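From a predicted model like this one, the values you see are computed outputs, not experimental measurements. The first residue of the sequence shown is numbered 1, and numbering continues consecutively from there.
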Amino acid sequence: MFVNEYVMNRKRFDRWTTPKFWKVKPGFYIYLGLFIAGVFGWIYFDMVDAPRRWQTVGAFLTFVAVYRGVFFQWMRADKMFRVTRQKYFDEKDWTCKVKVDDNKVYLYINGKFNNSVEWKEVVRFEEAKTYFRLGTDEFREGVMLDKESFIKGDCDSFRQWVLDTHPEVPYGPVDPMWDW
């Protein structure tokens with residue numbers, strides 16, 4: 001029915017697994033508050049000649065907030081990509097091939113069968129700027145299809161086919177923080 005094939009490289013992996021930090025859920029605002037408190041404390045304690053340990057507390061809060069609020073997701077994605085590539089694919093990028101038919105969605109990695117998902121397991125059909133996600137649980141898990149990598153069919157006909165053939169699967173945009 002539809003065939004989608006793409007090479008999973010670092011750039012694609014980052015885009016699909018790392019959120020835009022400025023569109024993240026309320027957790028980001030906690031780190032933004034820590035950042036503001038840390039900078040304020042750092043400057044304030046320096047101006048009033050407080051002991052160095054108080055300035056260090058402000059600096060520590062600032063650095064933790066920047067690391068955790070901005071860089072953590074990218075660093076985590078980098079580690080996941082490097083470990084997966086090293087452990088399973090001999091330090092090389094891997095090829096993902098997704099075949100979609102009326103009953104199942106099949107995933108092949110480097111030409112070998114990896115997994116299949118029945119349509120009754122798909123709980124949502126999401127669309128981003130560059131990919132589709134057939135979500136299989138309440139988290140971000142699911143089968144990804146690159147919009148520009150259809151070998152058989154195209155992205156517009158795929159979207160329409162899923163909407164017509166499987167109306168039980170809710171369709172909608174991907175969460176804005178994942179829409180690259």
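Side-chain contact check for Arg133 versus Val174: some heavy-atom pair is nearer than 4.5 Å. Contact check for Glu148 versus Thr130: no side-chain heavy atoms found under the 4.5 Å cut-off. Using a 4.5 Å heavy-atom cutoff, the side chains of Tyr67 and Val64 are not in contact. Tyr108 places none of its side-chain heavy atoms less than 4.5 Å from the side chain of Asn114. When side chains are defined from C-beta on, Ser149 counts as touching Arg12, because their heavy atoms get closer than 4.5 Å. Here the side chains of Leu134 and Val105 are in contact, with some heavy-atom distance below 4.5 Å.
Once rounded to the nearest 0.5 Å, the distance linking CD1 of Ile36 with CG of Leu32 reads 4.5 Å. Taking CE of Met144 as the start and CZ of Phe13 as the end, the distance is 10.0 Å to the nearest 0.5 Å. Remark: Asp49 CG to Gln55 CD distance equals 8.0 Å, nearest 0.5 Å. Phe150 CZ to Glu5 CD: the interatomic distance, rounded to the nearest 0.5 Å, is 12.5 Å. The NZ atom of Lys147 sits 12.0 Å away from the CG atom of Asn4 when rounded to the nearest 0.5 Å.
Transitive grouping of hydrophobic side chains (ILVMFWY, heavy atoms separated by less than 4.5 Å) brings Phe158 and Leu163 into a common cluster. Cluster membership check: Leu61 does not share its hydrophobic cluster with Tyr29, using side-chain heavy-atom separations under 4.5 Å among Ile, Leu, Val, Met, Phe, Trp and Tyr. Residues Val117 and Val100 fall within the same hydrophobic cluster, defined by Ile, Leu, Val, Met, Phe, Trp and Tyr side chains chained together at heavy-atom separations under 4.5 Å. Connection of Phe72 to Phe35 is established within a shared hydrophobic cluster, with ILVMFWY side chains joined at heavy-atom distances below 4.5 Å, either directly or through further cluster members. In terms of hydrophobic clustering, with Ile, Leu, Val, Met, Phe, Trp and Tyr side chains grouped at heavy-atom distances under 4.5 Å, Met8 and Ile151 are assigned to different clusters.
With sequence neighbours excluded, no residue forms a side chain to side chain donor-acceptor pair (under 3.5 Å) with Asp102.
Within a 6.0 Å sphere centred on CZ of Phe113, other residues, nucleotides and ligands contribute more than 12 heavy atoms. Within 6.0 Å of CE on Met75 lie no more than 12 heavy atoms contributed by other residues, nucleotides or ligands. Open room surrounds OH on Tyr88; 12 or fewer heavy atoms of other groups in view lie less than 6.0 Å from it.
Looking at every heavy atom in both residues, Met1 comes nearest to Asp101 through CB-CA, 3.8 Å. Pro170 and Val123 get closest at one heavy-atom pair: CD-O, 3.2 Å. In terms of heavy atoms, Phe2 sits closest to Ser157 at CE2-OG, 3.5 Å. For the pair Gln86 and Glu91, the tightest heavy-atom approach, listed with the atom from each and the gap, is CG-OE2, 3.1 Å. Closest approach of Ala65 and Tyr31 over heavy atoms only: CB-O, 3.2 Å.
Not a single donor-acceptor pair under 3.5 Å links the side chain of Thr136 to the backbone N or O of Glu121. Without hydrogens or angle criteria, Asp146 side chain to Tyr131 main chain gives no donor-acceptor distance under 3.5 Å.
For residues 152-161, the pairs satisfying salt bridge (Lys or Arg N to Asp or Glu O under 4.0 Å) are Glu127-Arg159, Asp156-Arg159, with sequence neighbours left out. Applying the salt bridge (Lys or Arg N to Asp or Glu O under 4.0 Å) test to residues at least two apart or on different chains, the pairs with a partner in residues 104-119 are Glu118-Lys120.
Separation of the Phe132 and Trp161 ring centroids does not fall under the 6.0 Å cut-off. Taking the six-membered ring for Trp and the full ring otherwise, the centers of Phe81 and Trp16 sit at least 6.0 Å from each other. Checked against the 6.0 Å centroid criterion, the rings of Trp119 and Phe125 do not qualify as a close aromatic pair.
Among Arg10, Lys11, Arg85, the single residue meeting the salt bridge (Lys or Arg N to Asp or Glu O under 4.0 Å) criterion with Asp78 is Arg10.
In this pair, Trp74 and Phe71 present their aromatic rings tilted. The plane angle is within the 30 to 60° band.
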Criterion side chain to side chain contact (heavy atoms under 4.5 Å, CB included) on Ser116 and Leu107, from CA distance to verdict: CA-CA 6 Å; Ser116 67; Leu107 176 63; over 6 Å; no
Stepwise side chain to side chain contact (heavy atoms under 4.5 Å, CB included) test for Phe89 and Asn110: CA-CA 9 Å; Phe89 303 112; Asn110 287 341; 3.3 Å; yes
Pair Trp94-Thr84, side chain to side chain contact (heavy atoms under 4.5 Å, CB included): steps then yes or no: CA-CA 10 Å; Trp94 59 95; Thr84 301; 3.8 Å; yes
